[in-house]
Structure formats: structure tokens, C-alpha cells
Amino acid sequence: GTTYLQLQRPAEAAVSFEEAIALKPDARAYFYLGKAYAQLKDARSVKALREAVTRDADSEDAWELLGLQAFEHKALASVIPLFQQHAEQFATQPLAYLWLGEAHLRNQDLPQALQSFKKAVELAPQLPRAQFSLGFAYKKLGENAQALEALQRAVELAPENPLAHFHLGDLLSQAEDQQAAIRELR
């Protein structure tokens with residue numbers, strides 16, 4: 001199955017993983033089945049990935065792909081409770097709150113997204129993606145001072161992140177600090 005995925009033959013990969021699951025249902029097989037369905041743009045990816053995270057709650061890749069696929073197939077409402085449960089179950093893991101925040105953000109629930117991103121940053125202030133997501137949520141809410149602070153921290157932690165530089169430059173431009181904005185946008 002994984003060979004078919006590498007060869008960009010997701011239909012054959014899906015059949016292979018469906019057969020593997022019939023023999024021995026496990027989280028890894030469900031993850032790869034979800035990945036194959038995702039490549040096929042098939043909404044069954046959400047169901048397969050839900051099963052993958054149910055069987056292995058520590059699979060960061062499965063959580064992230066589940067969020068992306070749920071968004072693509074307009075199924076966020078059905079997975080947000082699963083993300084919430086994951087965050088509650090793994091209350092000390094910042095990624096649980098990061099994925100929950102991303103799901104809320106994609107579902108246009110900015111206050112809930114902000115709350116989740118704050119928790120992720122509280123648990124892991126050195127996590128660049130959490131700082132970026134917090135800054136982005138603040139920016140979307142029009143809270144530019146807080147957005148500026150979080151995005152500056154994101155750039156400090158991950159200077160190679162072009163989106164952090166872009167959003168920071170945009171905020172600096174709005175604040176009429178053109179020289180700083182130009183530096184960020186380069």
C-alpha cells in the first residue's frame with residue numbers, strides 16, 4: 001500500500017489498505033487508508049482518519065490530516081468534539097490544543113480558536129507554530145498589538161517561516177512602520 005502511495009497510485013493503495021484492515025485493523029493502516037482517500041479527494045478520508053486517531057491518539061500526522069480533510073470535505077463540525085476530547089485527555093500536550101485551535105479557526109470560530117492557541121502557547125511558548133497561530137488569530141480579530149507580539153515571537157523562533165514574516169510585515173505596514181514592514185516582507 002505505501003509503495004502505491006509513493007508511486008502516486010492512491011486507488012491501488014486504498015484497496016491494499018482496505019485489505020490490510022480486513023485482516024488486522026490498526027491505526028497505521030487506517031492512517032494510510034485516510035491518506036490514500038485524501039489523494040483521491042474522497043470524503044471517506046475523514047472516517048478513516050477518525051478511526052486512526054481513535055486507535056492511536058498520539059499520531060500527530062493523523063490529527064493534522066484529519067483536520068485538513070474535515071475542512072476540505074466540510075465535516076469540521078463532526079470532528080471538533082473529537083479534537084476537544086483529545087485536548088482534554090492530553091491536557092499537557094500543546095499540540096492537542098494547537099489542532100483544536102486550527103479546527104476552530106477553519107470553522108470560523110475565532111474566539112474558541114484564540115482560547116485554544118493561548119493554551120498551546122501557555123504549555124509550549126517555544127513552539128513556533130503555536131505562536132504563529134496565536135498571532136494570526138489575534139490579527140483576524142483585529143487585536144493588532146497582541147498579534148504583533150505573537151508574530152514577532154514566531155519569527156524569532158522560526159525565522160524561515162514566510163507566513164509569519166508576511167503577517168508581521170502586514171501588521172507593521174498597517175502601523176505605518178514602513179521600514180520594519182519592508183524588512184519583514186523581504
Over 12 non-hydrogen atoms of neighbours within 6.0 angstrom of CD in Gln85: no
Beyond-backbone contact of Asp61 with Lys35, side-chain heavy atoms, under 4.5 angstrom: no
N/O donor-acceptor pair under 3.5 Å between Asn107 side chain and Asp109 backbone: no
Full working for side chain to side chain contact (heavy atoms under 4.5 Å, CB included) between Leu168 and Leu148: CA-CA 6 Å; Leu168 180 56; Leu148 192 62; 3.3 Å; yes
Check: Tyr30 and Val53 side chains under 4.5 Å, non-hydrogen atoms: no
Closest approach of Gly101 to Ala113 (non-hydrogen atoms, all atoms of both residues): O-CB, 3.5 Å
Ser45 side-chain N/O to Lys41 backbone N/O, donor-acceptor pair under 3.5 Å: no
Side-chain donor or acceptor of Arg50 paired with backbone N/O of Ser78 under 3.5 Å: yes
Stepwise side chain to side chain contact (heavy atoms under 4.5 Å, CB included) check, Gln93 with Leu123: CA-CA 7 Å; Gln93 292 185 4; Leu123 292 170; over 6 Å; no
SB check Glu51 Arg55 (cutoff 4.0 Å): yes
Can you give each donor-acceptor pair under 3.5 Å made by side-chain atoms of residues 126-144, sequence neighbours left out, with the distance rounded to 0.1 Å?
unit_1, atom_1, unit_2, atom_2, d
Gln126, OE1, Arg153, NH2, 2.3
Arg129, NH1, Glu64, OE2, 3.0
Arg129, NH2, Glu64, OE2, 3.4
Gln131, NE2, Pro125, O, 3.1
Ser133, OG, Glu102, OE2, 2.9
Ser133, OG, Arg129, O, 3.0
Lys139, NZ, His167, ND1, 2.8
Lys139, NZ, Asp170, OD2, 2.7
Asn144, ND2, Gln174, OE1, 3.4

Short side-chain to backbone donor-acceptor contact, His165 and Val155, under 3.5 Å: no
Side-chain donor-acceptor contact under 3.5 Å, Glu88 with Gln84: yes
Whether over 12 other heavy atoms sit under 6.0 Å from Glu72 CD: yes
Near-ring test Trp99/His86, centroid separation under 6.0 angstrom: no
Between Tyr4 and Gln39: side-chain donor-acceptor atoms closer than 3.5 Å: no
Salt-bridge contact Asp42-Arg44 (side-chain N to carboxylate O under 4.0 Å): yes
Any Leu66 side-chain heavy atom under 4.5 Å of Leu82 side chain: yes
